[in-house]
Amino acid sequence: MTRLIVFGILAAFFFSSTFVFNRAMSLEGGHWAWTASLRYGYMLLLLCTWLLLKGRRGVVVAAWDAFRRNWLFWTTAGSVGFGAFYALISFSASFAPGWVVATTWQITILATPVVLLLFGRRVPARGVLFTAMIFLGIVLVTLEQATAAPLGDILRGIVPVVAAAFAYPLGNQMVWEARHGTSSLLPAITDPVVDDSFGRVLLMVLGSIPFWVVLLIVAAPPPPSPGQLVNTALVAVFSGVIATSLFLHARHCASTTYELAAIDATQSTEVIFSLLGEIVFLHGLLPGSSGTAGLVLVVGGLMLYVRAQTAGQLKEKIHSRAEKG
């Protein structure tokens, strides 16, 4: 369990680059549609290049074959878990500071149990109080922003993030359910490439491509600037490849609902990393008293949540062993 938590926190560190770079590109006038779609274009190129250089051409071929066999599933999962998720996050960066987007994003802690329930999974009752702490922290951060921006900008900076917070775990859980063959609504994915972290990410990226094509056609943004091309490439490496691979690897290794919930909870540390990044690189201001209190509640709620989930899992194991004995 500890090892999975470490993987989750490392993923959060690299994920936080998304919020900092996205805000930087927004302040420079970069269109959010390019910020979102370019990242996954780079990811596709980087993943394939990396695997080929490492002598793992078989993973690329196997991923493409797996995609063709279940193209509808991977297009749906990729469009939801990668496409809708990141398009909404990028859109919000035009209206709110990166650390505010990162803090609001932590509502995914509350979204995950809802997603698990949708798939008929048992959701642990432990930690409900701590998820409420996280939610209260997000409310305090939002209230602080309400005094510094028009209502329309606040809604455009927060509401899309809430929707993204549901899209990301939904897409990832679809892959988890399909791999384990536990849902009657999804195909059972038995391709060995799904057991490979890079293979899973590559399949999700391939599935998201149709979404990005449609988005660019509909949004019709002006051409990206050279700075936006460079920054989205950095986001693709740090967040798209490194962070996503670490996070999906941790979720792949999870064997219980408790572990899945705890791994998803580690993403709250993105708040700290994003705030520090914005202060250091974008000369952002420290949050006020309300924002600081919100950050403390979010991070404190995360720590207590993980502790509650770990304790619950330990008790479950002890009870199981006692029954077998």
Side-chain angles (χ1 to χ4, degrees), residues 11 33-34 36-90 115 118-121 164 166-219 232-233 235-237 239-254 260:
W34 281 119
S37 56
L38 279 173
R39 165 180 161 171
Y40 285 92
Y42 280 127
M43 277 182 64
L44 181 61
L45 177 63
L46 289 170
L47 278 170
C48 291
T49 301
W50 171 259
L51 290 169
L52 291 174
L53 290 176
K54 296 294 289 185
R56 303 185 64 191
R57 179 177 177 274
V59 175
V60 178
V61 175
W64 176 247
D65 289 341
F67 176 77
R68 287 191 299 107
R69 278 192 290 273
N70 291 283
W71 65 270
L72 181 58
F73 168 78
W74 288 112
T75 299
T76 303
S79 295
V80 174
F82 279 9
F85 145 69
Y86 199 62
L88 291 166
I89 288 290
S90 300
V115 170
L118 287 175
F119 287 97
R121 293 282 167 187
F166 282 87
Y168 191 65
L170 177 59
N172 285 324
Q173 191 62 27
M174 288 174 66
V175 176
W176 193 89
E177 296 285 345
R179 178 188 171 275
H180 290 81
T182 53
S183 175
S184 59
L185 300 177
L186 300 173
I189 306 295
T190 58
D191 300 279
V193 71
V194 182
D195 294 327
D196 183 272
S197 296
F198 287 104
R200 288 193 300 277
V201 175
L202 182 54
L203 281 162
M204 290 286 279
V205 172
L206 286 170
S208 72
I209 298 302
F211 178 92
W212 301 122
V213 172
V214 172
L215 176 66
L216 289 175
I217 292 174
V218 173
T232 50
V235 172
V237 173
S239 181
V241 177
I242 299 176
T244 304
S245 296
L246 285 169
F247 182 67
L248 292 183
H249 174 72
R251 273 187 131 260
H252 172 70
C253 292
L260 286 171

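Of the options V80, L186, L118, V115, a side-chain contact (heavy atoms from CB on, under 4.5 Å) to Q173 is made by V115 and by none of the others.
The aromatic rings of Y168 and F85 are tilted relative to each other, their planes meeting at an angle between 30° and 60°.
W74 places none of its side-chain heavy atoms less than 4.5 Å from the side chain of L206. Put simply, the side chain of N70 does not reach to within 4.5 Å of the side chain of L203, judged on heavy atoms. Side-chain contact between F119 and L185 is absent, with no heavy-atom pair separated by less than 4.5 Å. Between Y86 and F211, the closest side-chain pair of non-hydrogen atoms is not below 4.5 Å. Residues P187 and I189 are in side-chain contact: their nearest non-hydrogen atoms beyond the backbone lie under 4.5 Å apart. With contacts defined as side-chain heavy-atom distances shorter than 4.5 Å, the pair F198/V201 does not qualify. The shortest side-chain heavy-atom distance between S208 and M204 does not fall under the 4.5 Å cut-off. A 4.5 Å side-chain heavy-atom check between L202 and L44 finds at least one atom pair inside the cut-off.
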Q.
Test side-chain contact (heavy atoms from CB on, under 4.5 Å) on V205 and F82; report intermediate values, then the result.
A. CA-CA 7 Å; V205 172; F82 279 9; 3.8 Å; yes
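Under the salt bridge (charged side-chain N to carboxylate O under 4.0 Å, His left out) criterion, the residue pairs touching residues 175-191 are R69-D191, R121-E177, R179-D195, with sequence neighbours excluded. Sorted by first and then second residue, the salt bridge (charged side-chain N to carboxylate O under 4.0 Å, His left out) pairs involving residues 42-59 (not counting sequence neighbours) are R56-D196. Note on residues 42-53: no pairs pass side-chain hydrogen bond (donor to acceptor under 3.5 Å, both in side chains), not counting sequence neighbours.
Counting only distance, with no hydrogens or angles, the side chain of S239 and the backbone of A236 share no donor-acceptor pair below 3.5 Å.
Between L215 and A87, the closest heavy-atom pair is CD2-CB, 4.2 Å. The shortest heavy-atom contact between P210 and T75 is CG-CG2, 4.1 Å. Looking at every heavy atom in both residues, S37 comes nearest to L216 through OG-CD2, 3.5 Å. Heavy-atom minimum distance, A167 versus A84: CB-CB, 4.3 Å.
In this structure, the separation between CD1 on I217 and CH2 on W212 is 14.0 Å, given to the nearest 0.5 Å.
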